[in-house]
Each structure stands twice: as structure tokens, then as C-alpha cells.
Number of protein chains: 2
Amino acid sequence: MLCFSLRAGMPGITAYGGFFELGTPKKGENVFVSAASGAVEQLVGQFAKLHGCYVVGSAGSKEKVDMLKNKFGFDEGFNYKEEPDLNAVLKRYFPEGIGIYFENVGGKTLDAVLLNMRVHDRIPACGMISQYNLTQPEGVTNLAHIIYKRIRMEGFNSADFFHLYPKFLEFVLPHIREEKIVYMEDIAEGLENGPATLVGLFSGRNVGKQVLVVARE
Amino acid sequence: MLCFSLRAGMPGITAYGGFFELGTPKKGENVFVSAASGAVEQLVGQFAKLHGCYVVGSAGSKEKVDMLKNKFGFDEGFNYKEEPDLNAVLKRYFPEGIGIYFENVGGKTLDAVLLNMRVHDRIPACGMISQYNLTQPEGVTNLAHIIYKRIRMEGFNSADFFHLYPKFLEFVLPHIREEKIVYMEDIAEGLENGPATLVGLFSGRNVGKQVLVVARE
């Protein structure tokens, strides 16, 4: 039941509201998700596929990229740590441009994305994790593309979408019953592993929601 | 009739759509407008006042700031060239935070604004003129505040709002008839003054829409 509650819980409503309400996706649109193996992001990719979109995700290891493609059904994925030119890699996967960028990392990735978006595209912004631990945040230099391309960028968190809960359950429950949505989380055992787990979270070791089990009943 | 046509024309519909549609203002909200003596921006300030908002504008000379307060009815105005600490000046004029930032300049101003916005605030983005002539644009470093404060930032131009034309005329025409909306433009005479006028435009010499009269009928 844990997986069920997570899919239908906080990450689920965050993914649903961010993607459907702020992303306003059309069937066939191109979607890019950064930090794509995260708890919310793996669901965004699957929602986008169920909606008939083309979906590419970035992540920080070969294992995670394999998971995006083989477990979560993303069309493509790449390891951003192995890509020195993010603009070039986005051009390769999106020769016709990005339609929705589900933003989680900020910084250099956002800068490259802004060069590859189309007119009237949307950036639901869920996080900018690359910036949180920097003493001096990186500057985003391509922001004027928001004007040139009339882009809508919008920050949010799950609390913004609690009113959508009934609509969200109506969408997600049949898919969970039919096992059309997969959910992966990272379970660490024992309070003594808490500090190492936290370090793992910020160095990108976990996949999906990081859970620490203090004691089994 | 020239002034009428401009107020009810391109700058008018741009100001109307940007402020009312994207800004979704509520009576009493705090509005900040940069490059506020511009053709669109002087109208935004007046629309905001007519809607019951508190409005502050920034501009690049004492004369323009006087005009904001004395001609266009802004509550306050400041000369950004005389303010070394934009964050401090915004805190002074908006101790409770900004509700809508009508964005025209980007760069350092946007960075300072992001520190002073409130939760669920809006940034209709009409231009980023401080960045257009730079070889390397300045980096905007406080963009993560879009997440923290769940801000919506949206680029636009007049073409996005042509469908609102009837609604816009219904709003603006009575105010023009009652002379409750003022419009200033900058008229240069003679084709020989074209190059100097263009230079003036990019160094901020003009007030409102810069018009070059090639020949009088």
C-alpha cells in the first residue's frame, strides 16, 4: 500500500497539478523533464506518455537513465553529467523544439532549455536543486527568451493543487489499478543510516522518494 | 487624434493585456513598473491606478520620474541610475512586498524584484531592454525565488491580445473621453534626425513612444 499511497499522495498531486494545470499539455507535444527519476518527475514522464506526448528525461547516472527508458517508459533519456554541451543534446532530442519543460534544476540546464523552447511554451517550475547549495547561485543568462518566445514560467508546490485532489484521483486510480503507472522509491533501513541517506539525497544517489524506515512494526 | 489612436492602439492593447490578463490585479495590490515612462508602461501605471492599486515606477532621469508622479499619477517613482542598492529601494517603497511586477528591463532590476515579491505574485514580461545590446547578458541569480514564492512569469507581445480588443475599447474609451488617461509621446521632426533619434531611443532619451515625422502633410 505504500507505493499506492505515494503515487496517489504528495508526489502524485504535485506531478498532476504541475503537468496538467500549469503545463496545459496537448497530445503530441514535446516534454522535457530534468532530474527525471525523482519522486514527482518519474510520474510526470508517465502522465505525459499516457497523454500522448513525446518525453525525454535527464538524470545523473547511467542506471537512472536506463530506468527512465525501461521502467518509466520515457521515449529518451540522457545522463547530463556526460554531456558537455546541453544545448546540443537538447537540439538532438528536440529538433523541433520543446513544448513543456518540467523544471527541477535551474542554472545551466534552464539556460540551455530556454534556447530550445518554442513560442507560447510552458515551464512549470518544481525546483532548482542545482542552485540550493551554492554560496552564489549561477546566473541564468538566456532569460530574455521568455519575452522573445512568450514563455510562461510558473513556480508551484503541492499545496497549490489540493483542490484538484478529486480530479487527480479520478485520473490516477484506474491507471494504478491497471498497473499502467510504475512507482519507484528508495528505502533505507534504520535510524543509524539517516545521515548517510541524507548525504545520498543531495549527491543524487537515490531514485524517487527517499524513505528512511526507522523501525518495522 | 494621434494620441487617441496610440492610447487605443498597440501600446494600449499591450498594456491592457499584460496588466489585466497576465497580471490579474486585485484592488489594493502593489504594482512595480520598470522603464515606466515608456509607451506601454505609462499606460500600465494609469490602468493600475484606475483599478485601485498602489503603483511605483522606475525611470532613468529626474524629469521622467517627475512625469510619472505628476503627469501619470503614479504613487511613487525613482531614478534607478541614482540608486546603488535596488533591493533597498524596493524594500523602502514596498515594505509589504510587490504583487505585480511589469517587467521591461531584466538583469539587476529583475534580480532585486525577485527578492521583494510575495507568494503567488505575477511578472508579466514585456521586455528586457537592459540585456538586448550586451554581448554577454547579465546572469539573473535569484530565479529560485520563482519556486520559493510560486511566482508566475510570462512573456508576451501585443499580438497575444488582439482577441481582447473589444473588451479593451470598452474599458479605455470612456476614460479617454473623460480625459482620465494621459498619453505622452516623443515626436522628432525630419528624416535627417532619424539616426540621432534612434540613438536617443537606446540611451533612454525619449519619453513614451518615439515617433519620427518624416513630412507633415
Side-chain angles (χ1 to χ4, degrees), chain A residues 14 17-18 21-24 34-35 40 101-111 113-115 117-162, chain B residues 14 17-18 21-24 34-35 40 101-111 113-115 117-162:
Chain A
T14 311
E21 287 290 301
L22 305 190
T24 59
S34 56
V40 171
Y101 170 47
F102 198 89
E103 158 72 309
N104 294 293
V105 302
K108 291 184 180 64
T109 305
L110 178 57
D111 249 340
V113 165
L114 285 166
L115 296 175
M117 296 206 73
R118 303 175 65 161
V119 168
H120 281 148
D121 285 351
R122 287 82 65 204
I123 306 183
C126 190
M128 292 199 180
I129 199 166
S130 72
Q131 305 299 297
Y132 297 156
N133 286 339
L134 303 178
T135 327
Q136 174 61 30
E138 292 171 310
V140 173
T141 54
N142 294 329
L143 217 55
H145 286 258
I146 282 186
I147 317 277
Y148 306 149
K149 297 169 185 165
R150 296 123 83 187
I151 289 169
R152 185 175 70 222
M153 179 169 188
E154 189 160 358
F156 65 96
N157 68 28
S158 58
D160 295 324
F161 303 125
F162 287 164
Chain B
T14 311
E21 288 289 303
L22 306 190
T24 59
S34 56
V40 171
Y101 169 48
F102 199 89
E103 159 72 309
N104 295 291
V105 302
K108 291 184 181 65
T109 305
L110 177 57
D111 249 339
V113 165
L114 285 166
L115 296 176
M117 296 206 74
R118 301 174 67 162
V119 168
H120 282 145
D121 285 352
R122 288 81 66 203
I123 305 182
C126 190
M128 292 198 181
I129 199 168
S130 72
Q131 306 300 297
Y132 297 155
N133 285 340
L134 303 178
T135 327
Q136 174 61 30
E138 292 171 310
V140 172
T141 55
N142 294 329
L143 217 56
H145 285 259
I146 283 186
I147 317 278
Y148 306 149
K149 297 168 184 165
R150 296 122 84 186
I151 290 170
R152 185 175 70 222
M153 180 171 187
E154 189 159 0
F156 66 95
N157 69 28
S158 59
D160 296 323
F161 304 124
F162 286 164

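Here is how names work: the chains are called A, B, and so on, in the same order as the sequence lines, proteins then strands, and each is numbered from 1.
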Can you tell me if B:K108 has over 12 outside heavy atoms packed within less than 6.0 Å of its NZ?
no

The reported gap from CD in A:E103 to CD1 in B:I146 (rounded to nearest 0.5 angstrom) is 9.0 Å

Contact winner vs chain A - B:P137, B:G107, B:G106, heavy-atom pairs under 4.5 Å:
B:P137

So which pairs with a foot in residues 125-134 of chain B pass salt bridge (Lys or Arg N to Asp or Glu O under 4.0 Å), sequence neighbours left out?
none

With sequence neighbours left out, what residues match A:Q131 under side chain to side chain donor-acceptor pair (under 3.5 Å)?
A:E138

Partners passing side chain to side chain donor-acceptor pair (under 3.5 Å) against B:T141 (at least two apart in sequence or in another chain)
B:D111

Answer with side chain, backbone, both or neither: which region of A:I151 has an atom nearer than 4.5 Å to a non-hydrogen atom of chain B?
backbone

Nearest-0.5 Å distance, CD of residue B:E154 to CZ of residue A:R150
10.5 Å

If you check every heavy atom in residues 118-126 of chain B against those of chain A, which residues fall under 4.5 Å?
B:H120, B:A125, B:C126

Non-hydrogen atoms of chain B under 4.5 Å away: do they reach the side chain of A:L22, the backbone, both or neither?
neither

